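A note on names: the letters A, B, ... follow the listed sequences, proteins ahead of strands, and every chain is numbered from 1. On a predicted model such as this, the values are computed, not experimentally measured, just so you know. Below, all heavy atoms of this structure are taken into account, side chains as well, without hydrogens, waters or symmetry copies.
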2 protein chains.
Amino acid sequence: MGYSIGQVAERCGISTYTLRYYDKEGLLPFVKKTPSGLRDFSDQDIELLRIIECLKGTGMQIKDIRQYIVWLMQGDSTLQQRLDMFERQKERLQMQMRQLMDFMDKIDFKIDFYKDAVAHGDTNVYERNPDLVRRKKKLFGCCAAAPAKKARKNSTRQSPNSADCQ
Amino acid sequence: MGYSIGQVAERCGISTYTLRYYDKEGLLPFVKKTPSGLRDFSDQDIELLRIIECLKGTGMQIKDIRQYIVWLMQGDSTLQQRLDMFERQKERLQMQMRQLMDFMDKIDFKIDFYKDAVAHGDTNVYERNPDLVRRKKKLFGCCAAAPAKKARKNSTRQSPNSADCQ
DNA sequence: TCTTGACTTAGAGCTAACTCTAAATTTTAT
DNA sequence: ATAAAATTTAGAGTTAGCTCTAAGTCAAGA
């Protein structure tokens, strides 16, 4: 006897609905059943569930996680595919972490902006704080993500409008 | 004249469909229109779009992003709310980064596991590699996320089954 | 001027990932 | 023994966030 679906749900912070959904989607083919038909999770099943969480939490779709499960069931002939998959997922995760750090820089900037704004009761922050001007330029000024294409006909920048950087 | 919706879409890597959807959802009330009705994005609009991306990318729902936009429109009386929001979002982001690092540890473990497995053509990795045994225990052994409740009646651990840690 | 492509709106359609319901069965506690 | 709680299945319903279509308008180049 291992763990019931409710015990696993509580322990892993996943609803029983979701666990049954994962099973239905083919993510839990290793989970045994008791003679009367109840799911019976082993420690290995829970470990696999942690890996599923990990793949899902790094942006993998359920149909792609199922591919991994299929490879597991196919045995040692798919070891290389599984290694490749985890290496691809690691690269993906590294990109996500870089993006989160970029978001953190922007949020830190906003926090400092609003701290000054709250302290003075207005948003004339850049007139008071040259450091924030510098950071704003670094974070938002001309990222040039895509190679700049043709601009609109009359492409002079308009003067700063109502909602300047809030 | 600023940027057309297509120019913004290309520059920011967001489809025109999505930009119009954001507008419909009230996220882009500051975007002007030309006399003939075309959207005309300013640099400030694009900067706000970057913040929207940032909030969305750190897990905020569109209805909550709209609340921020509403506060922007309400002016200086909502500065404190906006500061609080960014500080909450920063905490959320820190949690996300911690979780991603945890995922990274698990993926690194899997990569090392499968490198050994591929090298030897089988999954008897733990018999060869004591370091991986140690790391496996550290990563998956008895996390005790929730306070352990009543175990199942006959709660002896079952012997390792077919799919042990793959 | 004509043509081609980008833009507009309203609203329908789609997808992924759950989330729940109903009716029956099983387990646990008293 | 019996009541309450947990589980089972199949299948319907929900949600968020797009994504697309249709029918029409606007803009830029030849």
Side-chain angles (χ1 to χ4, degrees), chain A residues 1-29 31-42 45 49 52-69 92 146 149-155, chain B residues 1-29 31-42 45 49 52-69 92 146 149-155:
Chain A
M1 273 297 196
Y3 310 98
S4 72
I5 194 169
Q7 289 167 343
V8 174
E10 190 180 23
R11 178 163 160 184
C12 295
I14 303 174
S15 75
T16 57
Y17 299 138
T18 302
L19 287 171
R20 290 195 197 95
Y21 167 69
Y22 285 174
D23 198 2
K24 213 186 296 186
E25 291 297 309
L27 264 43
L28 306 173
V31 175
K32 301 280 184 298
K33 296 269 186 105
T34 66
S36 55
L38 303 193
R39 288 179 187 80
D40 186 26
F41 289 74
S42 69
D45 293 330
L49 205 45
I52 289 172
E53 277 188 292
C54 177
L55 294 172
K56 198 173 67 68
T58 52
M60 191 179 281
Q61 290 188 5
I62 280 173
K63 68 176 193 299
D64 296 317
I65 299 176
R66 179 168 43 215
Q67 173 63 78
Y68 168 62
I69 303 294
R92 212 164 149 180
K149 284 220 174 171
K150 65 240 167 179
R152 271 195 165 177
K153 204 58 172 298
N154 193 354
S155 195
Chain B
M1 274 295 197
Y3 310 98
S4 73
I5 194 170
Q7 289 168 342
V8 173
E10 190 179 24
R11 179 163 159 182
C12 295
I14 304 172
S15 75
T16 56
Y17 299 138
T18 303
L19 286 170
R20 290 194 197 96
Y21 168 69
Y22 285 174
D23 198 3
K24 214 185 293 186
E25 291 297 309
L27 264 44
L28 306 173
V31 174
K32 300 281 184 298
K33 296 270 188 106
T34 66
S36 55
L38 303 193
R39 287 181 186 80
D40 186 26
F41 288 75
S42 70
D45 293 328
L49 206 45
I52 289 172
E53 277 188 292
C54 177
L55 294 172
K56 197 173 68 67
T58 52
M60 189 177 284
Q61 287 187 7
I62 280 173
K63 67 176 195 297
D64 296 317
I65 299 176
R66 179 167 43 217
Q67 174 63 78
Y68 168 62
I69 303 293
R92 211 165 149 181
K149 284 220 172 169
K150 66 242 169 177
R152 273 194 161 178
K153 203 60 171 296
N154 192 355
S155 197

*Can you give one letter per nucleotide of nucleotides 8-21 of chain D, 5' to 3': B if a protein heavy atom sits under 4.0 Å from the base, S if only from the sugar-phosphate, - if neither?*
BB-B-----BBBBB
*Could you tell me whether a side-chain N or O of B/R92 sits under 3.5 Å from a main-chain N or O of B/G59, the two making a donor and an acceptor?*
yes
*With sequence neighbours excluded, tell me which residues meet salt bridge (Lys or Arg N to Asp or Glu O under 4.0 Å) with A/D64.*
none
*asked:* Return the CE to CD distance between A/M60 and A/Q67, rounded to the nearest 0.5 Å.
replied: 9.5 Å
*Measuring from A/L27:CG to A/L49:CG, what's the distance to the nearest 0.5 Å?*
9.0 Å
*Do A/L28 and A/F41 pass the side chain to side chain contact (heavy atoms under 4.5 Å, CB included) test, and can you show the C-alpha distance, the side-chain angles, and the key distance before you say yes or no?*
CA-CA 10 Å; A/L28 306 173; A/F41 289 74; 4.2 Å; yes
_A/R66 side chain vs A/E25 backbone, donor-acceptor pair below 3.5 Å_ = yes
*Please report, rounded to the nearest Å, how far the C1' atom of C/dC7 is from the OH atom of B/Y3.*
19 Å
_For atom CG of A/L19 and atom P of C/dC20, their distance in whole Å_ = 14 Å
_End-to-end axis angle, where each axis spans five pairs of the helix from C/dT1-D/dA30 to C/dT30-D/dA1, to 10°_ = 20°
*asked:* Between C1' on C/dA10 and CD on B/E25, what's the gap in Å once rounded to a whole number?
replied: 14 Å
*With respect to the phosphate group of C/dC7, does any side-chain polar atom (N or O) of B/T16 fall under 4.0 Å of OP1 or OP2?*
no
_Polar side-chain atom of A/D23 near backbone of A/R20 as donor-acceptor pair, under 3.5 Å_ = no
*Given atom CD of B/E10 and atom P of C/dC7, what is their separation to the nearest angstrom?*
10 Å
*asked:* Test your reading of the model: is there a side-chain donor-acceptor pair from A/T58 to the backbone of A/C54, 3.5 Å cut-off?
replied: yes
